[in-house]
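These notes concern the structure reproduced below.
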Amino acid sequence: MQSEIPSHRMQITDNLDKLLTIFPDSIRSKLEENLQQDSKNLIEVVMDLGRLPEARFSDRVTYIRDEPVTKAEIQHCIDRVGMFSTDNRAGIERTLHRISAIRNRTGEIIGLTCRIGRAIFGTIVMIRDLVETGQSILLLGRPGVGKTTALREIARVLADDLEKRVVIIDTSNEIAGDGDIPHPAIGRARRMQVARPELQHQVMIEAVENHMPEVIVIDEIGTELEAMAARTIAERGVQLVGTAHGNTVENLIKNPTLSDLVGGIQSVTLGDDEARRRRTQKTVLERKAPPTFAIAVEMLERQRWVVHDDVAATIDTLLRGIEPPAQVRTVDDSGEVTIIHEDSQPSFKPLATNNNTTAVTPLHPQGLRASGKMTPVSIQGGKSKRGNSEFERMLERSWRTQDPNSQKIRTPGPNGEDWPVYIYAYGIGRSQLDQVIEVLDLPVMLTKDLDEADAVVALRSQIKHHSKLRNIAKDRHIPIYTVKSNTIPQVTRVFRQILNLDDPNIPEPTDLRLFSKAGNDDEIEALEEARLAVEQIVIPKGQPVELLPRSAKVRKMQHELIEHYRLQSDSFGDEPNRRLRIYPA
């Protein structure tokens, strides 16, 4: 059976009529009825013992009939296909179809997956220019995206159009079909079959040593031995075209078995000066050797591929924590190829910082950060501490400067600091931040734009439970300060650390308004009771103190105040007499 896509660039040959002959009459007749409406989107036919047979299309799954599959029907199919190899795959001679078996514990076949094999001529129009360069090409993508189909077409173009000596290592007879005579879809390319999948690497080396190929085509490089054989072939000057498990180049970096395909990864210890120059840890990952494949293609969809035309540069860029630039190639039904060049973007990788702070950058702004706008907080709390003369107002304005290429307005601090400090908050309640800034009159402005931030304050639990938050873009070099809990004392302490006010010789301000929620007399009285207990008994005398019974809401405020003094406290007793006990350090 042959059908054409409404395009001058593609022609599909699927030999679907030969596949239909292996099915029992009751299944074949029903299947043919379904295929009259849509045959080109059929992906596979599934037959499991005691279950309804299925026809799986690219966009849906359909039951072929209402009766379950019997053991005799499965045996009927087995008798009409080729021999099943050790990888439980078989085929139909002179076709590209693949029949895979599911066996029970005794080795008896109880299920079949009949995968439709199609030769699509014209499918590599997106990367034809890359194929003609003579460089080795690695295809990546999820199952079913068309890697083997593209591999088959590349082999035909190299053999017929470019007149090169091409040898295909066909482990499961999926590229050139079952039987001794290969399918016409591979053109003049030659095919070497593999007796057992575990011998694939040996056949790869044998092909180079015995048959003088200019190009080796290999499907599904999946073991370390095969990756080593691929490197050996590439080092002998033979062009390699292959596929590997993984959706992106970054997947290969994380796969210790296949990382050698992109050069391998090794850990390197830098000197102090080099680590400081790179602004990174002393132990970093670097590429070990030149990559086996010079070009990598990520097949996202059948008509949308991402091309990395310099794999070595791509790997080096990824290991530096930057998303590499890439070409996104698409093709329409008329065969028109569109190439979009995407610029490199900061990736998110761990970066050590000083003062035991954890450097992280959120992947995507959320909540308060989503708009990208800044919320100014008055440094002086809205009250001028200067006179009202025109001269003093002019003098105050003269101190205000704007950063180049930024919207940030700066005013010199008492020691020449650039104030205010722009803070990007992640995972911390906005009310706590505003309350600390307002009550303590801190020179801090909250920003929702990470590019405008001087520092990031993040909740430690957010970093712990979200692995992506433990990464940072090296280009930004923004220090990250973490807080253990979303409380006023923690927020106060980290702000004082950012502003270099965290001097042990300077006592932290104890303003009860920081810890009061409603600010009413009952809350202030309870907080004052706790403050007096700490400052007059617990700290000077080293004795524990019990406070008066309070509500749960007020006890929480007292707990925060006790934490501010770096002391421990707990609640005990039953309601309504539950109260706090404060312990000395």
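- Under the 3.5 Å distance criterion, the side-chain polar atoms of Asn255 are left unmatched by any main-chain donor or acceptor of Asn251.
- Other residues, nucleotides and ligands contribute more than 12 heavy atoms inside 6.0 Å of the CD atom of Glu198.
- Each of Asp309, Val307, Val337 was checked for a side-chain contact (heavy atoms from CB on, under 4.5 Å) with Ile127, and the lone residue meeting it is Val307.
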From CA spacing to verdict: salt bridge (charged side-chain N to carboxylate O under 4.0 Å, His left out), Arg196, Asp87: CA-CA 8 Å; Arg196 300 197 307 274; Asp87 59 353; over 6 Å; no
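- Surrounding CZ of Arg103 are more than 12 heavy atoms belonging to other residues, nucleotides or ligands, all under 6.0 Å away.
- Enclosure of atom NZ in Lys30 is not indicated, since only 12 or fewer non-hydrogen atoms of other residues, nucleotides or ligands lie within 6.0 angstrom.
- Looking only at distances, no side-chain donor or acceptor of Glu44 sits under 3.5 Å from a matching main-chain atom of Phe57.
- Within a 6.0 Å sphere centred on CG of Asn210, heavy atoms belonging to other residues, nucleotides or ligands number more than 12.
- In this model, a donor atom of one side chain and an acceptor atom of the other lie less than 3.5 Å apart for Thr243 and Asp219.
- Scanning both residues, Gly222 and Thr257, for their nearest heavy atoms gives O-CG2, 3.9 Å.
- Distance check, rounded to the nearest 0.5 Å: NZ of Lys288 to OG of Ser267 gives 11.0 Å.
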Let me see the working for Arg115 and Glu174 under salt bridge (charged side-chain N to carboxylate O under 4.0 Å, His left out), right down to the final yes or no. CA-CA 10 Å; Arg115 185 75 177 268; Glu174 194 172 356; 5.4 Å; no
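- No more than 12 heavy atoms of other residues, nucleotides or ligands shown are found within 6.0 angstrom of CZ on Arg190.
- Remark: Glu67 engages Arg65 in a side-chain contact (heavy atoms from CB on, under 4.5 Å) (not counting sequence neighbours).
- Atom CD1 of residue Ile110 and atom NZ of residue Lys71 lie 9.0 Å apart, to the nearest 0.5 angstrom.
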Dump the intermediate steps for salt bridge (charged side-chain N to carboxylate O under 4.0 Å, His left out) on Glu220 and Lys147, then the final yes or no. CA-CA 9 Å; Glu220 294 185 4; Lys147 295 191 300 295; over 6 Å; no
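- We find that Asp178 and Arg98 are not joined by a salt bridge, their nearest charged nitrogen and carboxylate oxygen being 4.0 Å or further apart.
- Atom CD of residue Glu206 and atom CD of residue Gln202 lie 8.5 Å apart, to the nearest 0.5 angstrom.
- No donor-acceptor distance shorter than 3.5 angstrom exists from the side chain of Glu163 to the backbone of Asp160, with no hydrogens or angles considered.
- Under the salt bridge (Lys or Arg N to Asp or Glu O under 4.0 Å) criterion, the residue pairs touching residues 259-269 are Arg231-Asp260, with sequence neighbours excluded.
- Using a distance-only test at 3.5 Å, with no hydrogens or angles considered, no donor-acceptor pair links the side chain of His308 to the main chain of Ile295.
- Counting only N and O atoms by type, the side chains of Thr330 and Arg304 include no donor and acceptor under 3.5 Å apart.
- Under a 3.5 Å cut-off, the side chain of Arg329 and the backbone N or O of Ile339 do not form any donor-acceptor pair.
- With sequence neighbours excluded, the residues that form a side-chain hydrogen bond (donor to acceptor under 3.5 Å, both in side chains) with Arg191 are Asp170, Asn173.
- By the neighbour-count criterion of 12 heavy atoms within 6.0 Å, atom CE of Met228 is sparsely surrounded, having that number or fewer from other residues, nucleotides or ligands.
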